[in-house]
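Chain naming here is simple, since letters A, B, ... match the order of the sequence lines and numbering starts at 1 in each.
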Amino acid sequence: MTEEKSLNFLEEIVENELKAGTYKSIITRFPPEPNGYLHMGHAKSICLNFGLALKYGGKTNLRFDDTNPVTEETEYVDGIKNDIKWLGFEWSQELYASDYFEKLYEFAVTLIKKGLAYVDDGSSEEIAKQKGTPTQAGTDSPYRSRSIEENLKLFSEMRSGKYRDGEKVLRAKVDMAHPNMHMRDPLMYRIKHAHHHRTGDAWCIYPMYDFAHGQSDAIENITHSICTLEFIPHRALYDWFIEKLEIYSSHQYEFARLNMTYTVMSKRKLLQLVNEGHVRGWDDPRMPTLSAVRRRGYTPESIREFCDKIGVAKRENLIDVGLLEFCVREHLNKIALRRMVVFDPLKVVITNYPDGKSEMLSGENNPEDVSTGNRDIPFTKEIYVEQDDFMEVPAKKYFRLAPGEMVRLKSAYIIKCEEVIKDQAGKVIELRCTYIPESRSGSDTSGLKVKGTIHWVSLAHAVTAEVRLYDRLFNVENVGDMEGDFKEYLNPDSLQVLSTVYAEPAIKSAILDERFQFLRKGYFKLDPDSASEKIVFNRTVTLKDMWAKEVKKG
RNA sequence: UGCCCGAUGGUGUAACUGGCAACACGCUUGAUUUUGAUUCAAGAAAGUCCAGGUUCGAGCCCUGGUCGGGCAACCA
């Protein structure tokens with residue numbers, strides 16, 4: 001277990017600081033804004049923040065960054081908490097930036113008193129114009145030189161609701177000519193007469209991200225405030241506020257966000273997919289949200305493994321979704337119960353098997369874990385096999401059923417195809433086969449060796465179910481790189497529903513949390529849409545399929 | 001005409017902080033297999049963006065370029 005793994009740059013920083021005695025322990029935080037559901041990118045951040053604290057004996061706070069009342073909802077708060085728990089992490093404290101509104105207000109007053117903040121009456125357009133451009137210095141606002149007394153009075157009036165939205169803002173007095181645009185007198189507070197999901201109507205002024213995040217970090221004594229690359233330019237401001245306020249000196253570090261092939265990873269785009277009905281909801285199994293991958297059947301273990309494998313660095317990346325699928329298969333292979341399910345049935349009559357006879361065969365629940373035992377599988381004269389497990393004119397290297405050919409029925413007998421029955425249209429509708437009684441699984445004395453083993457299900461015992469097959473949501477690797485509307489690249493065939501498949505009877509006892517491997521078909525999990533009359537399975541991920549590759553090669 | 005990040009096989013991440021580039025996914029081939037799965041074995045694939053410099057020695061340090069990304073929401 002203690003295999004030497006190299007440290008990522010953040011672990012290295014922490015380890016060095018701990019060694020140097022800069023800190024005796026660390027505190028991190030995971031700070032989602034409750035305006036949407038968590039996705040795989042958040043999983044990376046969660047694993048990083050919680051993982052760092054776990055590894056170095058610190059703790060992690062869950063802090064909702066709820067400073068914008070118009071986009072935030074309690075529904076999202078609950079969803080986020082649920083997702084983090086599901087991933088397997090425990091936060092130290094559940095906190096909200098809104099818990100600090102009074103404190104933040106005091107901080108603002110402190111800065112006004114120091115002559116480092118002022119109330120600006122300009123419109124957002126005017127203020128934007130004064131900011132200049134990246135290559136051109138900004139100009140001072142006419143309100144920049146207001147007296148401390150006047151600023152104090154105005155700011156207090158802003159709080160008391162004297163002004164309408166947009167009428168005034170509070171700005172930090174930094175430097176309108178600063179090369180970093182974020183330092184050109186950034187906004188600290190804006191007026192929003194809006195109902196907040198936690199503070200209700202107590203406030204009509206709300207702090208901006210830059211005047212809430214670092215301050216919240218300081219209040220909580222966060223040692224390492226880890227965020228994504230796009231916040232790099234904010235760091236100077238982050239430090240400036242902390243310095244001027246003379247509060248706990250938290251530090252910000254940045255890492256590259258997760259991008260994955262064939263999907264999008266921005267709340268804005270995901271929200272669009274939901275709102276415009278391109279998917280059925282935030283938890284549509286094709287989505288990259290945690291609620292979706294959970295519904296689809298991905299395990300928290302596999303996601304944590306994935307996050308571990310992708311590493312943490314500062315360069316932009318595009319991770320092959322295949323790596324995630326590999327992690328999912330790797331875990332599912334170990335825990336999934338094996339079942340046989342025929343998707344596209346072809347009837348097979350075993351001519352030399354007695355009419356009306358039924359015998360119980362036994363199959364391993366999971367060859368990777370013998371402790372899971374066996375399940376009973378009924379065998380009869382009439383069974384279903386998969387249409388594509390028969391070829392009238394077999395392709396080269398095809399070793400399944402074909403006229404005169406033999407295959408093993410998994411956990412049962414070897415059969416030989418004797419006769420092909422077709423309808424008027426020439427479509428194969430039935431196979432007449434003979435079975436080799438001595439080839440019974442587990443007690444095979446036939447001495448026969450066959451190349452193919454296929455799955456099957458007894459026609460009389462088959463349980464029907466619906467199966468939902470998922471493919472990539474988009475049909476281009478790098479969706480973010482494409483021109484035009486990203487929705488043009490949606491894969492129209494990302495969902496395929498098979499309304500009736502035929503499963504062996506053991507499937508009836510399936511419960512929601514169980515994972516299955518439908519032999520040769522992939523990994524599956526019950527969908528919450530299931531009802532007693534109709535059970536529904538989601539395909540979590542396919543099995544690796546070398547034969548499909550062979551076929552494609554021609 | 002600015003400031004800030006970054007650049008290592010197809011992808012992602014490493015390289016004991018200057019000692020002759022590793023791991024994983026993917027790919028290829030073979031073995032095993034009552035899942036064309038799993039497992040196992042072997043292999044192809046980068047000479048580290050470029051040019052100089054320092055050094056016995058540079059992916060790591062220095063200089064200058066090139067390329068990619070970010071920065072002007074009363075969003076976070």
Take nucleotides 65-76 of chain B nucleotide by nucleotide from the 5' end and write B, S or -, depending on whether a protein heavy atom sits under 4.0 Å from the base, only from the sugar-phosphate, or from neither.
----S-SB-BSB
Using a 4.0 Å heavy-atom cut-off across all strands, classify A:Arg184 as base, sugar-phosphate, or nothing.
nothing
Using a 4.0 Å heavy-atom cut-off across all strands, classify A:Leu318 as base, sugar-phosphate, or nothing.
sugar-phosphate
Are A:Ser302 and A:Glu330 linked by a side-chain donor-acceptor pair shorter than 3.5 Å?
no
Base-pairing mate for B:U39 - Watson-Crick or G-U, with both contacts under 3.5 Å:
B:A31
When the ring centroid of A:Tyr76 is compared with that of A:His197, is the distance short of 6.0 Å?
no
For A:Asp388 and B:G36, what is the distance between atoms CG and P respectively, to the nearest whole Å?
12 Å
Contact class for A:Leu519 vs. all strands (heavy atom < 4.0 Å): base, sugar-phosphate, or nothing?
base
Show me the protein contacts with nucleotides 22-33 of chain B, counting only N or O atoms at under 3.5 Å.
residue, atom, partner, partner atom, Å
B:C27, OP1, A:Lys549, NZ, 2.2

Counting just side-chain N and O atoms, does A:Arg315 come under 4.0 Å of either OP1 or OP2 of B:C5?
no
Sugar-phosphate, base or nothing in reach of A:Arg164, heavy atoms under 4.0 Å:
nothing
Syn or anti for B:G30, please, going by whether the chi angle lies within 90° of 0.
anti
Is B:U17 syn or is it anti, if syn means the base angle is within 90 degrees of 0?
syn
Do the rings of A:Phe379 and A:Tyr413 sit parallel, tilted or perpendicular, given the 30° and 60° boundaries?
tilted
Please measure how far the C1' atom in B:U55 lies from the corresponding atom in B:C20, and state the result in whole Å.
15 Å
Over all strands shown, is A:Gly442 touching base, sugar-phosphate only, or nothing at heavy-atom distances under 4.0 angstrom?
base
Base-pairing mate for B:G6 - Watson-Crick or G-U, with both contacts under 3.5 Å
B:C67
Let me know which of A:Glu386, A:Lys410, A:Glu504 forms a side chain to side chain donor-acceptor pair (under 3.5 Å) with A:His455.
A:Glu386
Separation of B:A14 P from A:Lys314 NZ (nearest whole Å)
13 Å
Nearest-0.5 Å distance that lies between atom CD1 in A:Ile310 and atom CG in A:Leu258:
5.0 Å
Using the C1' atom on both, measure B:A72 against B:U1 and round to a whole Å.
15 Å
Donor-acceptor pair present, A:Gln517 side chain and B:U35 base, under 3.5 Å:
yes
Using a heavy-atom cut-off of 4.0 Å across all strands, would you classify A:Val70 as base, sugar-phosphate, or nothing?
nothing
Taking the six-membered ring of A:Phe537 (Phe, Tyr or Trp), confirm whether the NZ or CZ of A:Lys525 is under 6.0 Å from its centre and within 45° of its axis.
no
Tell me which nucleotide, if any, is Watson-Crick or G-U wobble paired with B:C61 when both distances must be under 3.5 Å.
B:G53
For B:A22, the Watson-Crick or wobble counterpart (both distances under 3.5 Å):
B:U13
Among all residues two or more places apart in sequence or in another chain, which pass the side chain to side chain donor-acceptor pair (under 3.5 Å) test with A:His182?
none
Residue whose closest nucleotide on RNA chain B lies nearer the 5' end, A:Ala313 versus A:Ile454:
A:Ala313
For atom CD of A:Glu325 and atom P of B:G12, their distance in whole Å
17 Å
What does A:Tyr163 touch in the nucleic acid at a heavy-atom separation under 4.0 angstrom: a base, only the sugar-phosphate, or nothing?
nothing
What is the distance, to the nearest angstrom, from the CD atom on A:Glu477 to the P atom on B:G12?
10 Å
Flag the pair A:Tyr209 / A:His213 as yes when their ring centroid distance falls below 6.0 Å, and as no otherwise.
yes
Classify the side chain of A:Ser411 and the base of B:U34 as holding, or not holding, a donor-acceptor pair under 3.5 Å.
no
Ignoring hydrogens and geometry beyond distance, is the side chain of A:Arg520 in donor-acceptor contact with the base of B:U35 at under 3.5 Å?
no
Ring centroid separation for A:Tyr118 and A:Phe155, is it under 6.0 angstrom?
no
Measure the acute angle between the ring planes of A:Phe107 and A:Phe211, then classify it against the limits of 30° and 60° as parallel, tilted or perpendicular.
perpendicular
Has A:Arg338 got a side-chain N or O lying under 4.0 Å from the OP1 or OP2 atom of B:A37?
no
Between A:Phe524 and A:Phe518, is the gap from one ring center to the other below 6.0 Å?
yes
In whole angstroms, the gap separating P of B:G36 from CZ of A:Arg400 amounts to 7 Å
